[in-house]
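Working notes, beginning with the structure itself.
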Amino acid sequence: MNYSRAFVPTLREVPAEAELISHRLLLRAGFMRKLASGVYSWLPLGHRVVQKVAAIVREENNRAGGQELLLPALHPRELWDETGRSAVDVIFRLKDRNERDLVLGMTHEEVITDIVRGEVRSYRQLPLMLYQIQTKFRDEPRPRGGVIRGREFLMHDCYSFHTSQESLDETYRQMYVCYGRILKRLGLDFQVVEAESGSIGGSVSHEYMIVVDSGEDTILLCDSCTYAANAERCEIGQGADGEAFEPDPVKLVQTPGRRTIDEVTDFLEVPAEKMIKTLIYETGGGEVVVGLVRGDRDLNEAKLARALGGAKVALASPETIEKLTGAPVGFAGPQGLKGAKIIADGELRNGGNWVSGANEADAHILNINEGRDFSVDQWADLRVATGGDSCPRCSGTLVEKHGVEAGHIFKLGTKYSAAMGATYLDANGAGQTIIMGTYGFGVTRAVAAMAEQMADADGLLWPISVAPYEAVLLCLNVEEDGALAAKLCDELEAAGVSVLYDDRAERAGVKFKDADLIGIPIQIVVGRSAKDGKVEMRVRGRSEKKEVALSHAAAEAAALKDALLAELDGAADAVRPGV
RNA sequence: CGGGGUGUGGCGCAGCUUGGUAGCGCGUCCGCUUUGGGAGCGGAAGGCCGCCGGUUCAAAUCCGGCCACCCCGACCA
């Protein structure tokens, strides 16, 4: 491709709207443009990267036994009513000219299950693995980071159907490897973490986190074993015992208008870790439950729900809180509460002389201790894990990192198949509910995450596997060396190396800057030494450069391409199932 | 949805307090010079000042309403 004819609108100045490195660079390098909040157009270079990532996803899912299909983006709402997910708040809703309710697909469990229930009759047709790569729509509360969290994005979604848990487990392992291989081929530094399956349902799930400081998700990694989990999911180990203490007498203090932990710690000048945060929840069954965590901690609602045997929990209404505590919201404490189960985070066993709400308006209470002043009905791991907490699997310490979720795999079980009546006849002729798995990989998000993780002060740094072109050929003096460079361009193409040939009548500096910004891995320069039959060759982001005879340049570039690809493929081949 | 901020040639911004013929840098086009890390000089094109309404002789500027976009939080299947 000749640069002079290419649509590559690079920007010298940074668009004001972009904060993240990836967002700025993808705009500046002419890979994409914004149409609306969370909605982006992919320009030629960006589109080539997206297509290459999609191709790798396709190759790897085919390798794992998947069959590609293409489902509609426009769905009748009734289909989503079957699983109750039509009420999800991020779903885009619309009506047709006849006032029929439609939604835009944010994922496709319902649609694929509808197809399978209609066509699969016998255990002989299972297992089955079907996938697609398609645009998804989600009405995000707040799109951000450019294409990292968009409202329209390209996603790979795969669904598997089984007659047994063992069969699901096997496919889950295959997909575990599949996503790992994809990310390795993209050259990404990532971490597989145990994840919360959330409202999509199911039991086991893992997320593929691309490790970047700007990532929205917090993950925790053990510094001495392989345990790794999303902060939403992460369990916490026992940890060391607290120091001994002498119980002091209880004391009531007036704290007019101070409701939050921050306000109270400021006012009373006690550290948040000396406080008990008393959170009052209601379960789906209408039961009132009191959750206690240390003042500087956050309660993890998923953990609370699990500790209560899987009940749904939600913060109680102000009326319920007043009825239970006799005080307005903001002054609750665990002492003297009747009619509610008290469940406390294990950390509260360490230490004492806690500060909490007094269960009366505008007052807090000092020096309360478990046993003497309040009792706990159940101890549990209730708080959101943070760096420094103990590993639940060994004696190590958890380290906190940030990541972008690129992929998520779930053992779904029968949640959707049961709700939608997807059954088959087993060998005995008995009807059985199909067991399902679901797997998702954000294609455009992965592209943004690559830009975030693989960039330097000069611009992007694409791995050879997905670079928009494998080589960029800079002809510094088109008048003198244009014919020679054009011939080399043809030779490179013939050798299987895709080339962006910079034939523009620009100064050398402009060409170097643009080449670095765009981030094509192999840079070939036809410059001063062209008259001696030599060109320069180097890899973007690496300092070594060498002079190569013009006659060997195409072959050298092809060999370099193969070597760079082999590095990535070797990493992919080393991926092993972690489950 | 709560809080904060911004909308002025393609991009980045000034002008708004104190109303009076819309400006700068980059980019674009033409010419000459230059030519290995975003060149220099000269010339030129390009703007319903986000939208609607109000005040005024006069509104980018003041007032009201709306919209869009960004950031923080809530949320995130």
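Lettering of chains follows the sequences in order, A, B, ..., and the numbering in each one begins at 1.
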Any pair counted as salt bridge (Lys or Arg N to Asp or Glu O under 4.0 Å), so long as it reaches residues 435-448 of chain A, sequence neighbours left out: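 For residues 435-448 of chain A, and leaving out neighbouring residues, there are no salt bridge (Lys or Arg N to Asp or Glu O under 4.0 Å) pairs at all.
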For the pair made of [atom1] in [X] and [atom2] in [N], what is the distance, rounded to whole Å?
X        : N     : atom1 : atom2 : value
A:Asp502 : B:G36 : CG    : P     : 15 Å
A:Arg538 : B:G36 : CZ    : C1'   : 9 Å
A:Met209 : B:C76 : CE    : P     : 14 Å
A:Arg528 : B:G36 : CZ    : P     : 6 Å

Using atom types as modelled and distance alone, determine if a side-chain donor or acceptor of [X] lies under 3.5 Å from a backbone N or O of [Y].
X        : Y        : result
A:Arg540 : A:Asp516 : yes
A:Trp462 : A:Ile518 : yes
A:Arg33  : A:Leu27  : yes

From B:G73, B:G38, B:A39, nucleotide with atom closest to A:Arg507 side chain: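 Selected nucleotide (nearest to the side chain): B:A39.
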Which is true for [X] with a 4.0 Å heavy-atom rule: it touches a base, it touches only sugar-phosphate, or it touches nothing?
X        : value
A:Arg33  : nothing
A:Glu405 : nothing
A:Glu216 : nothing

Flag side-chain contact, heavy atom, 4.5 Å: A:Met155 against A:Ile133: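 Not in contact.
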Validation row: A:Leu128, A:Ser160 side chains within 4.5 angstrom (heavy atoms):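 The answer is no, as the side chains (C-beta and beyond) never meet within the 4.5 Å cut-off.
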Partner set under side chain to side chain contact (heavy atoms under 4.5 Å, CB included) for A:Asp217, not counting sequence neighbours: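 So A:Asp217 forms a side chain to side chain contact (heavy atoms under 4.5 Å, CB included) with A:Met209, A:Asn230, A:Glu405.
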P gap between B:G54 and B:A58, integer Å: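 Comparing P positions in B:G54 and B:A58 gives a spacing of 12 Å.
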For A:Glu13, all residues meeting side-chain hydrogen bond (donor to acceptor under 3.5 Å, both in side chains), sequence neighbours excluded: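 Partners of A:Glu13 under the side-chain hydrogen bond (donor to acceptor under 3.5 Å, both in side chains) test: none.
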Expected list for residues 74-81 of chain A: side-chain donor-acceptor pairs under 3.5 angstrom, two or more places apart:
{"residue": "A:His75", "atom": "ND1", "partner": "A:Trp80", "partner atom": "NE1", "Å": "3.0"}
{"residue": "A:His75", "atom": "NE2", "partner": "A:Pro72", "partner atom": "O", "Å": "2.8"}
{"residue": "A:His75", "atom": "NE2", "partner": "A:His108", "partner atom": "NE2", "Å": "3.2"}
{"residue": "A:Asp81", "atom": "OD1", "partner": "A:Ser86", "partner atom": "OG", "Å": "2.4"}

Contact nearer the 5' end of RNA chain B, comparing A:Gly527 with A:Gly145: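 Upstream on the strand: A:Gly527.
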Quick check on [N]: is either OP1 or OP2 less than 4.0 Å from any side-chain nitrogen or oxygen of [X]?
X        : N     : value
A:Ser37  : B:A68 : no
A:Arg12  : B:G27 : yes
A:Arg149 : B:C76 : no

RNA chain B contacts among residues 508-517 of chain A, heavy-atom distance under 4.0 Å: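 Correct list: A:Ala508, A:Gly509, A:Val510, A:Phe512, A:Lys513, A:Asp514, A:Asp516, A:Leu517.
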B:G73 - base-pair partner by Watson-Crick or wobble geometry, distances under 3.5 Å: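 Base-paired to B:C1.
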Partner nucleotide, any strand, of B:C29 [Watson-Crick/G-U, under 3.5 Å]: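 Across any shown strand, B:C29 pairs with B:G43.
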Polar pairs (N or O, both sides) under 3.5 Å between protein and nucleotides 11-16 of chain B?
{"residue": "B:C11", "atom": "O2", "partner": "A:Glu13", "partner atom": "OE1", "Å": "3.2"}
{"residue": "B:G12", "atom": "OP1", "partner": "A:Ala16", "partner atom": "N", "Å": "2.8"}

